[in-house]
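The block underneath contains the structure these notes are about, expressed in structure tokens.
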There are 2 protein chains.
Amino acid sequence: MAPQSERADAARNRARVLAAADELFRTSDPRAVTMDDVARSAGVGRATLYRRYPDVGSIAAALLDEHERIVQERLMGGAPPLGPGAPPAERLAAFYAAMVELLETHLPLMLGVDAGAGRLRVGAYEFWSAHVRSLLVAGGVEEPDALVDVALAPLAPEVYQHQRHVRGLSPAEITTALARLAAGILA
Amino acid sequence: MAPQSERADAARNRARVLAAADELFRTSDPRAVTMDDVARSAGVGRATLYRRYPDVGSIAAALLDEHERIVQERLMGGAPPLGPGAPPAERLAAFYAAMVELLETHLPLMLGVDAGAGRLRVGAYEFWSAHVRSLLVAGGVEEPDALVDVALAPLAPEVYQHQRHVRGLSPAEITTALARLAAGILA
DNA sequence: AACACAAGTGGACAACACGTCCAGTTGTAC
DNA sequence: GTACAACTGGACGTGTTGTCCACTTGTGTT
């Protein structure tokens, strides 16, 4: 993760920044967190932040990274139905369920990523795209390309937040709806 | 639309602001348009803008309003399959096709709305929600609430832009994918 | 036609966030 | 212990925001 030869003070500040940012994203509006906020809260200067992160979104992405990688590894090598082995429709439903779990646990961070560059331009989105695309192909869908983004759109943090906190839906209800979507797409 | 007793100069400035904003949204990055830009480009002061519009998003929403109302009226009272009469699955597909048309024609404006308050908090979203919900109910879906936002998520301007200009997909391909989605949801 | 009032207007203002720059400091290798 | 490179922190200039207030301009009345 960190460069091989990272100075001790740099590592210390990196940890401070990440801890402070995590706190800020959780306790205040994730879309309103600024670079200034993080710098002040972490007790470091602004240039120290900009050295590694171009914007707040990338800080949120860094915090999210390890959690997303766990899901990614379970997708590629884990047990079915999330991992390989189950029918595509079931794998897609399992993927949705895993993503709802991620959204429920780390919604502030995921909203924070969106506030920056936008989730469509983030590396992880390409991974999810490739996975869903492979499921569509395995399911016999002729033109999977346009369907990929359609299938991923409901996982936008904004949408999940709206469902949870405006509509008042439960994670279980959302998961059920997405399971129905999975079945509908890969009938 | 305008208050009954709107002063002549106010009406003139309203028109100037809307024309200038429309131009700006189309010719530059819709997410980078500022209140300053619009004010300067329209030749009015900043307070004149803030009198009627709290942010750039609401200006874009005002410009979009009449175009959206046309679709809304066709949904409620137009000919099938967009209007009443056709089976729910076909009506949903027709709705998707109409929205793709709207996105294709007015993408800059719709991205501009998103840059402001966000499309989920805009009045029109509630209308689309109610319409899709009624289609789901008519189609016999037991728990339509969570599916509504799922079904509308692929219509996010961000998603459409990504499909068109990053993936290089055509409006027809996107419409086809959404038609499949409609069939899958309301099988 | 002149008046009075309310509605409308424009620019100034302070606060804030951004991204960069540079001089000083602190680790690390020799 | 010394020298170098990496790292750091705060200051700086720019641009945007939202509000405030004095002025202007329409409109209805006498």
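For the numbers below, each heavy atom of this structure counts, side chains included, while hydrogens, waters and symmetry mates do not. Note that the structure is a prediction, hence the values are computed from the model and not measured.
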Please list, chain by chain and in numerical order, all residues satisfying side-chain contact (heavy atoms from CB on, under 4.5 Å) with A15(A), sequence neighbours excluded. none
Nearest whole angstrom, please: distance from the P of dA6(D) to the CZ of R52(A). 14 Å
Summarise how protein sits on nucleotides 10-17 of chain C as a single string, 5' to 3': B when a protein heavy atom is under 4.0 Å from the base, S for sugar-phosphate-only contact, - for no contact. BBB----S
Provide a list of protein-nucleic acid N or O atom pairs under 3.5 angstrom, restricted to nucleotides 27-30 of chain C.
residue: dT28(C); atom: OP1; partner: A8(A); partner atom: N; Å: 3.2

Whole angstrom is fine here: how far is it from CZ in R51(B) over to C1' in dT17(D)? 18 Å
Ion pair check, E104(A) and R164(A), cut-off under 4.0 Å: yes
Verify same cluster id: L64(B), L155(B) (apolar side-chain graph, 4.5 Å): yes
Give me the bend of the helix from dA1(C)-dT30(D) to dC30(C)-dG1(D), using the axes of the five pairs at each end, rounded to 10°. 0°
For E68(A), salt bridge (Lys or Arg N to Asp or Glu O under 4.0 Å) partners two or more places apart: none
Close side-chain approach of D145(B) and R133(B), heavy atoms under 4.5 Å: yes
The criterion is salt bridge (Lys or Arg N to Asp or Glu O under 4.0 Å); which residues satisfy it with R167(A), sequence neighbours excluded? E126(B), D149(B)
May I ask you to decide if the ring planes of H162(B) and Y125(A) are parallel, tilted or perpendicular, using 30° and 60° as cut-offs? perpendicular
Is there a side-chain contact between S28(A) and V33(A) in this structure, where contact means two heavy atoms from C-beta onward sitting under 4.5 Å apart? yes
Hey, are the side chains of M110(A) and E158(A) touching, using non-hydrogen atoms and a 4.5 Å cut-off? no
In whole angstrom, give the distance that lies between atom OH of Y50(B) and atom P of dG8(C). 19 Å
So, do Y96(B) and I174(B) sit near enough that their side-chain heavy atoms are less than 4.5 Å apart? no
